[in-house]
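So that the names make sense, note that chain A is the first sequence line, chain B the second, and so on, each numbered from 1.
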Amino acid sequence: MGISFYTFQSISYIIDVYRGDIKAERRFVNYALFVSFFPQLVAGPIERSGNLLPQLDNLKGFSYDDFTNGLKIMVYGFFQKLVLADRIAVLVNTVYNNSAEYKGAPVLVATVLFAVQIYCDFAGYSNIALGAARCMGIGLMRNFNMPYFSLSIKDFWRNWHISLSTWFKDYLFIPLGGSRKGFWRTNINLMIIFAVSGLWHGAAFHFVAWGLLHGAYQVVGNITKPYRDKGYQMLHISQTVLPVRIFKAVCTFVLVDFAWIFFRANSFGEIGNIIKSIFAPSGYNATAWDLSSLGLNERDIGIIIIGIAVLFICSLLQHRGFGMAYINKLALPIRWALYIGGLFLVLAYGYYGPLAAPSQFVYFQF
Amino acid sequence: MKKRKNLLKLIIFPLLVLVLFSPILLCGELLHADLVAAIQPVFGDKFIYGMAYTNNTAHYKLKLINKRKADIIAIGNSRVLQFNDYFFTDKTDFYNGGSIAASLPACLDALQAIEQDALPKVVILGLDASFFNETYTAANHYANKAEFLNPYDYKTFNLLYESLETDYKKGKFKVRQLLLPPWRIGVNAKVNGNGYEQDGSYTYQREYNSTQSTKERIQPFLTDIANGSGRFSGGNDLYSVSIDKLREIIGFCKANNIHLIAFTPPYANAAMDILNSRTDIDYIDKIDATVRPMLESEGFEFYNYTSPYALGMTDDYFIDAFHGSDCAYLLMTIDMLQNGSRLNEYASLSELLKMYDNRLSDLEIKR
């Protein structure tokens with residue numbers, strides 16, 4: 001359980017000490033706590049010794065701000081996990097575990113929703129971990145930064161599973177030469193780290209293929225970048241205007257979501273069939289869009305739609321700088337109404353309990 | 001100063017959350033049956049336990065049977081629930097375990113699950129006709145499984161909220177009704193006043209206070225009875241598995257020096273008339289002929305109250321087509337006493353006759 005996270009954290013510590021970036025921790029208890037700090041032990045973030053060890057060394061006492069901010073982050077994490085990820089998982093599992101039975105719309109919807117599921121599942125866990133640590137006065141590194149608002153694949157990996165991406169950058173990409181050894185060597189290095197990243201997610205071909213696909217996206221992106229920039233110039237279109245940014249974000253999401261098919265498929269052989277079934281024209285008649293046969297009732301589907309809207313609005317507000325600091329400045333009644341509303345959303349609309357068969361956190365398997 | 005303010009906020013915020021969520025927290029549906037069984041003595045005679053969204057009756061009743069260690073217990077399905085402790089001279093002598101079981105295999109499971117020191121001296125066993133119906137009993141997974149006694153049925157906040165939201169939209173209750181009084185636990189108890197009392201019997205406050213006519217009350221199940229649906233399915237012979245289980249129950253009672261009093265509960269007159277007109281339910285008539293000798297040969301008692309006409313009951317004595325009222329069960333108890341039942345050791349015939357004469361209506365007895 002969490003062995004890959006534990007291992008990566010330990011490796012980073014050894015390398016940091018070897019490189020002389022940090023001093024070796026002489027207190028066994030502190031080291032043991034660093035590698036087994038319970039909030040992030042099973043699914044990250046993969047903490048760096050330079051961040052966590054000094055905090056463990058100088059533990060603060062109880063702080064009202066840390067405690068309450070930690071709880072707020074946790075509630076948001078539970079919203080992502082219980083209201084959205086676990087509910088969406090029912091629909092996605094129904095389709096992907098019986099992929100031969102579905103064609104067209106159900107597969108397309110499941111594929112799009114899987115992007116939301118895996119984000120809410122993993123970011124939800126990270127937020128719960130961050131919040132729990134914050135309650136105790138420990139600041140963990142941020143693991144997600146609105147990844148589906150990314151404007152390119154490169155950008156996506158700066159915002160998705162940040163602790164893993166930076167780990168690979170610091171301990172694999174840069175030692176391989178990074179981008180200092182020419183254009184082609186940079187691209188080869190990229191393919192190597194994405195292949196390893198795929199393998200890290202699971203010892204199966206479909207995970208490696210997922211990693212290689214992301215590597216290929218970046219290589220193609222690097223090769224075509226001068227031509228794309230030239231194209232924008234020739235058409236006198238600024239790349240910073242909102243429509244272009246939205247276009248780029250949508251393109252990035254489509255590419256990322258396409259790659260999620262490789263990730264979610266139960267085997268390498270299944271990938272082709274799933275892609276084919278998405279493009280089956282017969283699967284898009286009027287009845288194909290009826291999702292009620294996919295394991296969820298109308299109420300659940302309504303909760304998913306509203307939940308995604310809430311998630312989108314929250315992300316957008318955060319993107320625009322209306323994050324925790326902004327909320328903390330609001331008048332007390334408004335703040336408390338928000339907190340109670342959030343808590344109620346999780347408790348009343350969360351997908352848990354004896355009849356819900358809640359799913360494990362996806363990243364617990366890695 | 002800031003520290004004090006923060007401390008105050010840490011206290012007030014959870015309290016505010018509790019207040020805002022109180023309808024859900026106080027309705028009682030989140031309480032586990034074990035806890036209810038433990039705390040109910042605090043509420044005295046006003047206590048009513050009526051869950052609307054959870055069925056954990058079997059577990060709850062077993063807990064109470066083991067806890068109260070009464071001399072007399074009634075067991076069976078909901079058709080034994082109107083035997084009350086005030087039928088008996090010493091109220092502590094009796095506990096009603098009705099609804100602990102919906103079949104004879106489950107009745108046997110329930111008896112065997114009673115702790116040795118809580119075994120009663122007398123068992124009143126309600127032999128619902130459906131227990132002997134092969135079509136219904138054999139198909140009823142829930143009724144026959146020993147797991148029926150497991151305590152796993154419970155609601156979580158989200159599932160309860162979903163049920164409440166649905167019923168609230170249908171106008172079944174007002175939010176303030178979920179709050180008080182504290183001695184009514186469960187939405188059915190809080191809103192309708194229906195549920196189990198301290199002695200395990202069931203009170204139908206909603207029906208007692210209803211303006212419905214007798215005909216309206218009896219009507220709902222008559223179509224099912226006429227169509228032979230579910231528990232009213234047809235059948236020519238008694239289900240052999242049930243007979244075997246009854247034999248095991250008799251053996252269990254003999255081995256544990258328990259006196260067994262079995263009876264067949266009555267149908268309302270309108271229901272009985274329909275049953276009499278059907279030609280596919282010969283098994284009901286065969287119950288008496290088969291079961292009576294099995295019991296009487298062992299010195300136990302058997303009373304056939306299937307037909308309400310036997311004791312002169314009318315539809316007014318019924319909660320619905322197949323559930324008799326407190327008065328109906330009082331009449332049956334009086335009949336048992338008049339026929340020399342072992343219950344004479346625990347109840348006074350003259351007191352029960354007086355109670356019957358002073359009844360509030362044909363449904364309700366003055367307590």
Side-chain angles (χ1 to χ4, degrees), chain A residues 60-72 74-75 78-79 81-87 90 135 137 296-304 306-307 327-328 330-359, chain B residues 1-27 29-34 51-56 58-59 142 145 147-148 150-170 173 175 178 187:
Chain A
K60 294 184 266 178
F62 176 81
S63 153
Y64 173 84
D65 290 337
D66 279 344
F67 182 71
T68 53
N69 285 336
L71 289 179
K72 290 169 213 168
M74 283 175 82
V75 169
F78 280 119
F79 163 73
K81 169 67 181 163
L82 296 178
V83 179
L84 282 173
D86 284 356
R87 187 169 265 111
V90 177
C135 285
L296 295 175
N297 58 30
E298 274 182 25
R299 182 178 185 268
D300 286 321
I301 291 166
I303 293 171
I304 288 174
I306 294 168
I327 291 173
N328 284 341
L330 294 171
L332 188 79
I334 299 171
R335 266 186 291 144
W336 281 20
L338 277 175
Y339 306 152
I340 291 169
L343 195 60
F344 181 76
L345 259 180
V346 172
L347 287 173
Y349 294 102
Y351 201 76
Y352 63 92
L355 303 177
S359 47
Chain B
M1 184 63 189
K2 198 182 173 194
K3 264 188 183 176
R4 245 168 94 182
K5 208 171 142 189
N6 288 341
L7 184 67
L8 210 62
K9 281 198 261 182
L10 284 177
I11 295 166
I12 292 171
F13 184 78
L15 288 176
L16 186 65
V17 171
L18 288 177
V19 169
L20 289 171
F21 292 0
S22 59
I24 295 169
L25 301 175
L26 293 179
C27 71
E29 295 276 339
L30 293 173
L31 296 183
H32 200 283
D34 285 355
M51 304 291 261
Y53 307 113
T54 326
N55 183 1
N56 50 12
H59 178 68
Y142 178 69
K145 282 279 181 186
E147 287 92 318
F148 175 60
N150 285 344
Y152 297 130
D153 292 334
Y154 67 98
K155 281 276 174 190
T156 45
F157 192 100
N158 56 342
L159 297 177
L160 173 59
Y161 177 75
E162 185 178 350
S163 305
L164 287 171
E165 187 188 66
T166 308
D167 281 348
Y168 180 76
K169 282 178 187 166
K170 289 179 187 167
F173 62 84
V175 173
L178 303 180
V187 171

Under 4.5 Å to a heavy atom of chain A? For B/Glu165 that would be side chain
Can you say whether B/Lys3 sits under 4.5 Å from chain A via the side chain, the backbone, both, or neither, judging by heavy atoms?
-> neither
Do [X] and [Y] make a side-chain contact, defined as non-hydrogen atoms from C-beta onward lying under 4.5 Å apart?
| X | Y | value |
| --- | --- | --- |
| B/Thr166 | A/Arg299 | no |
| B/Phe13 | A/Thr68 | no |
| B/Lys2 | A/Tyr64 | no |

From [X] [atom1] over to [Y] [atom2], what is the distance, rounded to the nearest 0.5 angstrom?
| X | Y | atom1 | atom2 | value |
| --- | --- | --- | --- | --- |
| B/Tyr161 | A/Tyr349 | OH | OH | 3.5 Å |
| B/Asn158 | A/Leu82 | CG | CG | 8.5 Å |
| A/Leu332 | B/Lys5 | CG | NZ | 8.0 Å |

Which residues pass the side-chain hydrogen bond (donor to acceptor under 3.5 Å, both in side chains) test with A/Lys60, sequence neighbours left out?
-> A/Asp66
Output all residues satisfying side-chain hydrogen bond (donor to acceptor under 3.5 Å, both in side chains) with A/Asn69, sequence neighbours left out; order by chain, then residue number.
-> A/Lys72, A/Asn328
Residues passing the ring pair (Phe, Tyr, Trp, His ring centres under 6.0 Å) test with B/Tyr53, sequence neighbours excluded, are none
Residues from residues 334-344 of chain A approaching chain B under 4.5 Å (heavy atoms) | A/Trp336, A/Tyr339, A/Ile340, A/Leu343, A/Phe344
